[in-house]
Amino acid sequence: MKKYPYQITSLEEYKEAYEKSIQQPEAFWGDIAENFTWKKKWDDVLSWNFQEPKVEWFKGASLNITENCLDRHIESIGDRPAIIWEPNDPEEHHRVLTYKDLHKKVCQFAHVLENNGVKKGDPVCIYMGMIPELAIAVLACARIGAIHSVIFGGFSAQSIADRLLDAKAEFIVTCDGAFRGQKDIPLKSVIDDALIACPFVKRVIVCTRTRIPVSMIKGRDVWWEEEIKKVETLGLKYFDAEPMDAEDPLFILYTSGSTGKPKGVVHSTAGYMVNTNYSFVNAFQYNPGDIFFCTADIGWITGHSYILYGPLSAGATTVIFEGIPTWPDAGRFWDIVDKYKVNTLYTAPTAIRSLMGFGLEPLKGKDLSSLKVLGSVGEPINEEAWHWYDEHIGKGKCPIVDTWWQTETGSIMITNFAGVTPAIPGTATLPMPGVLPCLVDENGKEIEGNSVSGNLCIKQTWPSIIRTTYNDHERCKQTYFSTYENMYFTGDGAMRDDKGNYKITGRVDDVLNVSGHRIGTAELENAMNMHAGVIESAIVGYPHDLKGQGIYAFLIYEGNLEDPDLIRQDIIQTVSRIIGPIAKPDKIQFVTGLPKTRSGKIMRRILRKIAENDFANVGDTSTLLDPAVVEEIIAGKI
Ligand code: WT7
């Protein structure tokens, strides 16, 4: 049965909707958009070109996304849980925020932001752990029209400073610390380090969580709780949602690419809202009242789109989990499913593989019978993990949706619909309505027909497409719209099977996917090269049982290598400082030279083969400046 007017419930309906979405995108998305709350409706559904690029959806419309995520649900489902929060420590009490509660808190914090000088269009950096206040801060920014820029807690002070500088963000919302497994992460202290390089930051709002001692600078740092008290004393309650133009930026999210520093992917308001909602309702076949648990961190796009905006705009109950899957034991996810009777679990292959490693013991005594739908995201799911997920978690009765998408796409692009369109292990399958994928060869020529593979591009715009890279539109154009004319280039390779299903094979650019997190090799090399003694570095990915890809570093090091393990540890520290703990290399090999062409280009293809132990297939080395270096590196590895 249809729970949303635009929910697709059969394969025939999918085909029909898909056809219409491609032939008449304006009529298709215009009809869907009618189901949202607008302050003013649009003049035009769509205008776009991929040359500049310039994409506008629902132009002329005025709205606030938080009215769609909160206000419009108050009367009908105001007492339904919007957020169920599970703390890191299972002994601590969980929290439930109904739609009414969340609405009230978002309004309060919007007042706090306003009292602290935040205005429409201001970028606000959010660096917090996975607590309800993170969701509140994000939504309060949206309510006031400020542009949120959430930074994942695993990034270093240097990375935060880079992002603050890039966005010229004058406001920060953070916590004293965060609990993650056994660790307490000193978030405010990391922010303090970042701010040494960012004197333009005017205000830091600090929410208490771990209550470790923190420095509080007079005139700059204020406590979240005290600011809320002020708002209460002033009797400020409801906050009028700022009218936003459809194309006003909603948020910035930094992501790594094949060159340079991470770039700020900018998403706009209306298209993002409509597309995340539509994909949420359809891919997962969400039923009102269901409990939806996405295990991602809100610091990544998955958390933005499928912990917050997609579910909340659909009136769903979304679970926010503060901790990690393996603490206090590897049954943590299953306890949460059991405790809250979770209906949909959306997680990453890397988590599944890691939990598989603990065997079936952690599943004993856990009632998983509430589960109806499972989801996978972040990297290609290997068949072994797929079958384990299906058999031991879904008990063979839950469809698994393999959702392919990216930070830049904003919402799910290629996926099966749970129980509606066929699932194929390890295959994302069919494009969402509105998505027109194609495969191209190196020369940019489209590869027609089925049973083919190539570079994955998208030929037509969709509502939640990236609008720009913050303060640098040219970079957006170069990265995504210049490789192939009139196409958005994903950076992924894919195969199209005999029935037209897409199977994503992985990145074709110099970007690694480590535990479902994207890290650029150029960024990593830059961090390595900052370590004293490192003359030159080359980073490649290699197959890693748990992480999908591991980070392999080939380094030319000048200096004392008597204790190479100690030097390796030092280098890991440097990378942690420069990028963050998520970028720590898994393997470091010291070499005396790197395989370079006569023009000085490092031949990564060769290094990749060496890192994979595929020595027989290093290929032709005759064009190298010094072919002997390859033998040396191989000899140094074995
Ligand atoms: C890259 C995007 C948006 C999800 C979180 C990661 C890879 C993502 C799949 C999938 C195969 C996948 C791609 C993509 N990826 N989902 N279901 N099957 N690969 O977001 O950091 O922007 O990374 O993750 O390589 O380009 P991201």
Side-chain angles (χ1 to χ4, degrees), residues 150-152 154-155 251-258 262-267 272 275-276 279-280 283-284 294-307 309-310 346-353 374-383 385-386 389 400-416 423-432 435 437 453 455-458 464-466 469 479-480 483 488-495 501-521 523 541 547-549 582-583:
V150 183
I151 303 179
F152 174 62
F155 282 111
F251 66 86
I252 309 171
L253 190 55
Y254 283 85
T255 191
S256 301
S258 50
K263 48 194 172 297
V265 171
V266 176
H267 281 289
Y272 177 81
N275 216 159
T276 52
S279 54
F280 171 74
F284 302 107
C294 166
T295 70
D297 193 286
I298 292 173
W300 306 108
I301 191 69
T302 310
H304 282 60
S305 301
Y306 299 107
I307 295 179
Y309 290 114
Y346 188 31
T347 193
T350 184
I352 299 167
R353 286 191 302 266
L374 301 175
S376 171
V377 62
E379 56 174 308
I381 179 166
N382 49 309
E383 294 205 14
W386 194 98
Y389 201 27
I400 299 176
V401 292
D402 180 353
T403 63
W404 173 85
W405 57 297
Q406 310 177 297
T407 304
E408 295 85 346
T409 69
S411 43
I412 295 169
M413 300 291 280
I414 303 182
T415 184
N416 51 312
I424 305 169
T427 304
T429 73
L430 299 171
M432 286 285 304
V435 176
S453 53
N455 289 348
L456 180 64
C457 292
I458 318 282
S464 63
I465 189 174
I466 177 177
T469 45
T479 313
Y480 309 106
T483 319
Y488 166 86
F489 176 44
T490 66
D492 279 320
M495 297 191 317
N501 293 296
Y502 287 86
K503 183 181 174 75
I504 313 299
T505 46
R507 303 288 306 195
V508 293
D509 53 7
D510 290 324
V511 171
L512 307 184
N513 188 329
V514 180
S515 301
H517 300 148
R518 199 201 291 196
I519 307 177
T521 50
E523 197 188 349
K547 300 179 175 187
Q549 269 189 312
I582 56 163

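One-based numbering, in listed order, for ligands and for the atoms of each.
Summary of contacts: the protein heavy atom closest to atom 6 (C) of ligand 1 is G516 O, 4.1 Å. The single protein non-hydrogen atom nearest to atom 16 (N) of ligand 1 is G378 N, 3.1 Å, given as residue, atom name and distance. Of the protein's heavy atoms, W405 O, 3.6 Å lies nearest to atom 2 (C) of ligand 1. For atom 26 (O) of ligand 1, the nearest protein heavy atom (residue, atom name, distance) is D492 OD2, 2.5 Å. What sits closest to atom 4 (C) of ligand 1 on the protein, heavy atoms only, is V377 CG2, 3.3 Å.
Under 4.0 Å from ligand 1, the heavy atoms of T302 that appear belong solely to its side chain. Here I301 has side-chain heavy atoms under 4.0 Å from ligand 1, and that is the only part of it that gets that close. At a 4.0 Å heavy-atom cut-off, ligand 1 touches T403 through the backbone alone. When heavy-atom distances to ligand 1 are checked against a 4.0 Å cut-off, E379 comes that close only through its backbone atoms N, CA, C and O.
In this structure, P380 is part of the shell of residues with a heavy atom less than 4.0 angstrom from ligand 1.
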| task | Take N382 and R353 through the side-chain contact (heavy atoms from CB on, under 4.5 Å) test and state the conclusion after the steps. | result | CA-CA 9 Å; N382 49 309; R353 286 191 302 266; 3.2 Å; yes
| query | Under the side-chain contact (heavy atoms from CB on, under 4.5 Å) criterion, do W405 and T302 qualify, and how do the steps go? | reply | CA-CA 9 Å; W405 57 297; T302 310; 3.7 Å; yes
| request: Could you please spell out the steps behind the side-chain contact (heavy atoms from CB on, under 4.5 Å) verdict for T521 and V511? | output: CA-CA 6 Å; T521 50; V511 171; over 6 Å; no
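W386 and D402 share no side-chain donor-acceptor pair at under 3.5 Å. Between the side chains of Y488 and Q406, at least one donor-acceptor pair of N or O atoms lies under 3.5 Å. There is a side-chain donor-acceptor pair under 3.5 Å between Y306 and S279. Y389 and T347 share no side-chain donor-acceptor pair at under 3.5 Å. A donor and an acceptor atom, one from each side chain of S411 and N275, are located under 3.5 Å apart.
Within the 4.5 Å cutoff, no side-chain heavy atoms of H267 are placed close to those of H304.
Checked against a 3.5 angstrom limit, the closest N/O atoms of R507 and ligand 1 fall inside it. Of the polar atoms of T490, none of the N or O atoms is found under 3.5 Å from an N or O of ligand 1, judged by distance alone. Considering backbone and side-chain N/O of T255, none are found under 3.5 Å from N/O of ligand 1.
For ligand 1, the atoms sitting less than 4.0 Å from at least one non-hydrogen atom of N513 are 7 (C), 24 (O), numbered in the order shown with element in parentheses. Each of the atoms 2 (C), 21 (O), 22 (O), 23 (O), 27 (P) of ligand 1 lies under 4.0 Å from some heavy atom of R518.
Side-chain rings of Y272 and F251 approach one another, their centers coming within less than 6.0 Å.
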